[in-house]
Amino acid sequence: MRETIHVLLSEEEVNQRIAQMAAEISKDFEGQQTHLVCILKGSIFFTCELAKRLTIPVSIDFMSVSSYGMDAKSSGVVKVNKDLDEDIEGLNVLVVEDIIDSGRTLHYLLRYLKSKNPKSLKLCALLDKPEQRVADVAVDYTGFCIPDKFVVGYGLDYAQRYRNLPYIGVIEFDECKE
């Protein structure tokens with residue numbers, strides 16, 4: 001199979017929207033320390049770009065979670081592969097995610113983090129596919145709502161490839177006939 005990638009959101013559009021989101025978050029948390037929780041691996045690009053534009057004091061931690069099963073789609077069974085390094089009790093926590101599809105993993109993750117007694121817990125996502133939602137997840141800061149397409153770039157991958165694209169692209173698979 002051969003892959004073709006078409007630009008869905010240009011680098012300029014993504015950068016402009018991240019700047020707008022950072023301004024909104026900075027206003028909402030003005031004068032308050034905020035602890036960013038980057039969900040690895042896909043969110044690392046977004047988290048770095050967002051953090052650079054925030055005007056409030058921030059700290060950053062990382063988590064890795066997976067939802068697994070026998071299918072290519074999320075089973076809803078969530079495993080924490082890498083937990084937080086720091087205690088979040090009493091902190092303003094902003095979970096930073098690259099994309100929200102079904103919401104199952106984030107539904108679990110937000111409950112898990114809430115049990116650690118943060119002062120506040122908010123969710124920020126670069127991309128949201130609301131048509132795919134099966135679990136109730138409230139997104140506080142959304143970059144873009146996108147159609148139900150397979151997207152890559154800006155941290156999102158296909159088989160660990162294309163994360164480094166500076167834009168969001170739709171990947172299409174072509175059958176090669178020889």
Side-chain angles (χ1 to χ4, degrees), residues 8-9 11 13-67 74 76-148 151 153-157 163 168:
L8 177 66
L9 298 165
E11 181 177 7
E13 289 173 296
V14 173
N15 285 330
Q16 182 179 20
R17 183 64 188 125
I18 292 172
Q20 292 168 344
M21 294 171 76
E24 184 180 346
I25 292 165
S26 294
K27 183 180 175 196
D28 290 351
F29 289 96
E30 188 174 358
Q32 300 178 61
Q33 171 82 23
T34 303
H35 192 70
L36 306 180
V37 175
C38 173
I39 308 303
L40 296 172
K41 297 180 185 172
S43 299
I44 190 72
F45 290 82
F46 176 42
T47 302
C48 290
E49 292 302 319
L50 181 68
K52 289 189 317 189
R53 291 167 174 84
L54 291 170
T55 59
I56 53 176
V58 298
S59 52
I60 301 177
D61 206 342
F62 303 89
M63 287 188 78
S64 175
V65 295
S66 61
S67 132
S74 168
V77 178
V78 178
K79 177 182 176 192
V80 175
N81 299 316
K82 188 228 172 286
D83 207 339
L84 297 171
D85 292 328
E86 300 176 32
D87 183 14
I88 61 168
E89 185 171 352
L91 300 179
N92 291 311
V93 174
L94 181 64
V95 175
V96 183
E97 182 63 287
D98 54 358
I99 189 166
I100 303 173
D101 289 303
S102 72
R104 287 183 184 124
T105 302
L106 277 169
H107 181 75
Y108 170 86
L109 181 62
L110 292 171
R111 276 195 345 247
Y112 175 77
L113 292 173
K114 191 172 186 119
S115 75
K116 295 182 176 290
N117 301 314
K119 176 180 177 183
S120 68
L121 182 61
K122 303 265 184 184
L123 176 59
C124 176
L126 179 60
L127 304 174
D128 189 5
K129 290 183 182 178
E131 324 175 349
Q132 286 295 315
R133 194 83 77 250
V134 296
D136 186 26
V137 175
V139 185
D140 300 287
Y141 305 97
T142 303
F144 301 93
C145 287
I146 62 168
D148 185 20
V151 291
Y154 224 90
L156 297 149
D157 73 298
R163 285 189 197 278
I168 304 294

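- Closest non-hydrogen pair, Thr55 versus Ser26, comes out as N-OG, 2.9 Å.
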Query raised in the report: Should Val80 and Tyr108 be marked as a side chain to side chain contact (heavy atoms under 4.5 Å, CB included) after you check the CA-CA gap, both sets of side-chain angles, and the distance that decides it?
Result: CA-CA 10 Å; Val80 175; Tyr108 170 86; 4.2 Å; yes

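- Asn15 contributes atom CG, which lies 4.5 Å from atom OH of Tyr154 (distance to the nearest 0.5 angstrom).
- Remark: Ser59 OG to Leu36 CG distance equals 7.0 Å, nearest 0.5 Å.
- Here the side chains of Leu156 and Leu126 are not in contact, with every heavy-atom distance at 4.5 Å or above.
- Counting heavy atoms from C-beta on, the side chains of Val14 and Ile168 come closer than 4.5 Å.
- One distance of note links OG1 of Thr47 with NZ of Lys52; it measures 12.0 Å at 0.5 Å rounding.
- At distances below 3.5 Å, at least one donor-acceptor pair connects side-chain atoms of Lys82 with backbone N or O atoms of Phe62.
- The backbone N or O of Asp101 lies less than 3.5 Å from a partner atom in the side chain of Arg133, making a donor-acceptor pair.
- Leu113 contributes atom CG, which lies 6.0 Å from atom CG of Leu84 (distance to the nearest 0.5 angstrom).
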Requested in this report: Under the side chain to side chain contact (heavy atoms under 4.5 Å, CB included) rule, what do Ile99 and Lys129 come out as? Steps first, then yes or no, please.
Outcome: CA-CA 8 Å; Ile99 189 166; Lys129 290 183 182 178; 3.7 Å; yes

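- When atom types are taken as modelled, the side chain of His107 and the backbone of Val137 share no donor-acceptor pair closer than 3.5 angstrom.
- With sequence neighbours excluded, the residues forming a side-chain contact (heavy atoms from CB on, under 4.5 Å) with Tyr141 are Met21, Glu24, Ile25, Asp28, Phe29, Leu94, Lys122, Cys124, listed by chain and number.
- Between Thr105 and Val78, the shortest heavy-atom distance links the atoms CA-CG2, 3.9 Å.
- The two residues Cys145 and Pro130 have their closest heavy-atom pair at SG-CG, 4.2 Å.
- Between Leu123 and Ile100, the closest side-chain pair of non-hydrogen atoms falls below 4.5 Å.
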Query raised in the report: Passes side chain to side chain contact (heavy atoms under 4.5 Å, CB included), Ile18 versus Phe46? Steps please.
Result: CA-CA 8 Å; Ile18 292 172; Phe46 176 42; 3.8 Å; yes

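- Rounded to the nearest 0.5 angstrom, Asp148 CG and Gln132 CD are separated by 3.5 Å.
- Of the possible polar contacts, one joining the Arg17 side chain to the Gly143 backbone as a donor-acceptor pair under 3.5 Å is found.
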Report task. Before giving the answer on side chain to side chain contact (heavy atoms under 4.5 Å, CB included), spell out for Met63 and Leu40 the whole-Å C-alpha distance, their side-chain angles and the decisive distance to 0.1 Å. Result -> CA-CA 6 Å; Met63 287 188 78; Leu40 296 172; over 6 Å; no

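- More than 12 heavy atoms of other residues, nucleotides or ligands shown are found within 6.0 angstrom of CG on Asn81.
- A salt bridge does not link Lys27 with Glu30: every distance from a Lys NZ or Arg NE/NH1/NH2 to an Asp or Glu carboxylate oxygen is 4.0 Å or more.
- Rounding to the nearest 0.5 Å places CD1 of Ile60 at 10.5 Å from CD of Glu86.
- Contact between Leu8 and Ile146 at its shortest, heavy atoms only, is CD2-CG2, 4.0 Å.
- Side-chain contact, Glu97 with Ser43: a donor N or O sits under 3.5 Å from an acceptor N or O.
- At least one donor-acceptor pair closer than 3.5 Å links the side chain of Asp61 to the backbone N or O of Asp85.
- Using modelled atom types, one finds no donor on one side chain facing an acceptor on the other under 3.5 Å when comparing Thr34 with Asn92.
- When side chains are defined from C-beta on, Leu121 counts as touching Val95, because their heavy atoms get closer than 4.5 Å.
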